[in-house]
J.: 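Before we start, here is the structure in question, set down as structure tokens.
Heavy-atom basis, side chains included; hydrogens, waters and symmetry copies ignored.
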Protein chains: 2
Amino acid sequence: MARRPESGKTKDINKTKLDDAARAGWLYYVAGNTQDEIASKLGVSRQTAQRLVSLAVSEKLVKVRLDHPIAQCMDYAARLQAAYGLDEVEVVPSDPGHPDTTLGIAEAVAARIEKILSASDPVTMGIGTGRTLKAAVEQLSFIDCPHHFIVSLAGNIAPDGSAAFYNVVFNLANKVSAPSFPMPLPVIAASAGERALLHEQAGIGRTLALAQKVQIAIVGVGDLGPSAPLYEDGFVTLDELKALQNVGAVGEILGWTFDAEGRVIEGMINERVASARLPDRDNALVIAAAKGGNKVEAIRAALRRRLVNGLITDEDTARALLG
Amino acid sequence: MARRPESGKTKDINKTKLDDAARAGWLYYVAGNTQDEIASKLGVSRQTAQRLVSLAVSEKLVKVRLDHPIAQCMDYAARLQAAYGLDEVEVVPSDPGHPDTTLGIAEAVAARIEKILSASDPVTMGIGTGRTLKAAVEQLSFIDCPHHFIVSLAGNIAPDGSAAFYNVVFNLANKVSAPSFPMPLPVIAASAGERALLHEQAGIGRTLALAQKVQIAIVGVGDLGPSAPLYEDGFVTLDELKALQNVGAVGEILGWTFDAEGRVIEGMINERVASARLPDRDNALVIAAAKGGNKVEAIRAALRRRLVNGLITDEDTARALLG
DNA sequence: TTGAATATTGAGTAATTGCCCACGCGTATA
DNA sequence: TATACGCGTGGGCAATTACTCAATATTCAA
């Protein structure tokens, strides 16, 4: 059986090259050299130096963080926290017109995760799936924290049987040396019966049990509009999506769909959602990470009913949630 | 009443400005906008946008991190360079638990030598002896550079009369087609008188004279602990080693022993060391190549007194030198 | 209110960077 | 062995960014 060739790039970047890239990136961003200076220090041409710097960026070796309380963001955060009785809110700046749906959120989530994992006392951290969290994990730096536990709260098998593209826990485990518990399940099982069967598996049971003990969880929020992630990724059919919309579902967290009041939809695909239940918000901090106009309704619903008690979003979304 | 002339500038940066700077910095570094785009988004001129970004940097609102082992090395290198006023420092990654005492260093030294020899202007390069340099030369590729001169700074005859195992210049000459000047002497002569006699030989005199003119030298550093290379290789007896230890000698370069302050020991075996003197650090670059816990004290001593003005070492050793 | 000192701004310009393209070296293939 | 292919490289140029300078705005004290 032929392995599918690595998506897209054929170039195998060997270690030496990445080393040089890191070196160039350091000289450029940390030491403030010009690319000409880097070139002479590394003994390469300026163009090559430029490529190395660029490689360091594209390989995500350089991480830029900006920790400054921007008054506007702080204001939104405080008002959101008050309005919805949240335990924790972070609002990052918006870049009007930028197409990236995770820009800023991913960095903030990464910083939050690093903060969680830097605790000296053991923590059990739950994590969902989705584009936002995947992007966040890419921003993470390597952390050694074997005393923590990381548990996936949602299945991560795509409908075609492959590990889903958004297998966040797997990517996380590559960055963080902590015991991690993936959930090798589809997000939505074929039937309620199949879900029961799957959940009885030994490995899954352990993960699910651990999922109920998480102290901090970070989850994405999916909308149920025409380009709902559940639909786009093939977890539900178009008919199922329309049916959900018809009963008033506006969003989902970990696959659990809910209406505009944040009430979890009875029956329908929720009978087949294989994910763990949302951790208890009285004992755990459940942070939703999401932004974007199409998600506003879903986020608002989740906040209203306190499906989550923490939020990381951007200015535009914050404004919409408050308006 | 004159206002105290603020050293630099009297910048009174109010909060709004820092906010804008943070926002500009965010849009620039995180969102990847150009300064033109930032200008239009923030409603200011391009120059102002540039100033805001620059302010965000100078106020350290943006924090750049590099996630790569190399980054740590670069950091150590910069700190060592500052701490000891060195002209050149390279720190290579450590491989914890690896027994090889030259791993990484040898490769780095080889690369440095190749860089020296790739210069188009003629260079006189000095070289010491020892395991580290021997391993480095083994890493060298063949180079044709007849316009350079290579001169041995230390004797390379073993106590038993054979060419010492670490006859670096000999091995170097096999790789590099440049005029080379070995020093067919023991590292330590039998007596001060014998040293004088040996140094009067025509061939030796020429090599010694050339040794004083080297522009770049690479030397090893030996410790004087129980397994001091000078003792293990039979250049000094156990009694002589103990005597050296008793007067506080902690290391040696080219056979010249020195104490923890880097002061060259008076008398004792230094009266019989047949090596060239260390090149003048005001006019030449003298790079020490060494790593390992047992050498830390020796290296630190050499750096303190500026016996060398360049260093190639590894992370662990760098950390120890800084700690 | 005025004047002086200081800060801020925009224009112009130099420096730096990003990117495209053609070349050359090495490797795989017929 | 000859040929094609791919990858990396450096040249050149356009875009972007950094800096200098003079003009303008602002602040503070008399």
J.: Measure CG/A/L42 against C1'/D/dT9 and give the value in whole Å, please.
T.: 15 Å
J.: Are B/K291 and B/E315 close enough for a salt bridge, meaning some N to O gap below 4.0 Å?
T.: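 The answer is no: the pair does not qualify as a salt bridge.
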J.: Using side-chain heavy atoms (C-beta onward) and a distance below 4.5 Å, is B/T124 in contact with B/H148?
T.: no
J.: Report for the helix from C/dT1-D/dA30 to C/dA30-D/dT1: angle between first-end and last-end helix axes, five pairs each, rounded to 10 degrees.
T.: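 About 30°, once rounded to a multiple of 10°.
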J.: For nucleotides 10-23 of chain C, just jot down a letter per nucleotide in 5' to 3' order: B, S or -, based on protein non-hydrogen atoms under 4.0 Å.
T.: BBB---SBBBB---
J.: Of the non-hydrogen atoms in A/V168 and A/T129, which two are nearest, and what is the gap between them?
T.: CG2-CA, 3.9 Å
J.: With a 4.0 Å cut-off on N to O distance, would you call A/K63 and B/D67 a salt bridge?
T.: yes
J.: Within a strict 4.5 Å, meaning less than it, do heavy atoms of the B/L285 and B/Q215 side chains meet?
T.: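 The answer is no; the side chains never approach within 4.5 Å.
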J.: Do A/T34 and A/D36 pair up side chain to side chain, a donor and an acceptor below 3.5 Å, judged on atom types alone?
T.: no
J.: Applying the side chain to side chain contact (heavy atoms under 4.5 Å, CB included) test to B/V286, which of B/D87, B/V219, B/L311 qualifies?
T.: B/V219
J.: Does A/D75 pair with A/R79 as a salt bridge, N-O distance under 4.0 Å?
T.: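 Yes, charged N to carboxylate O under 4.0 Å.
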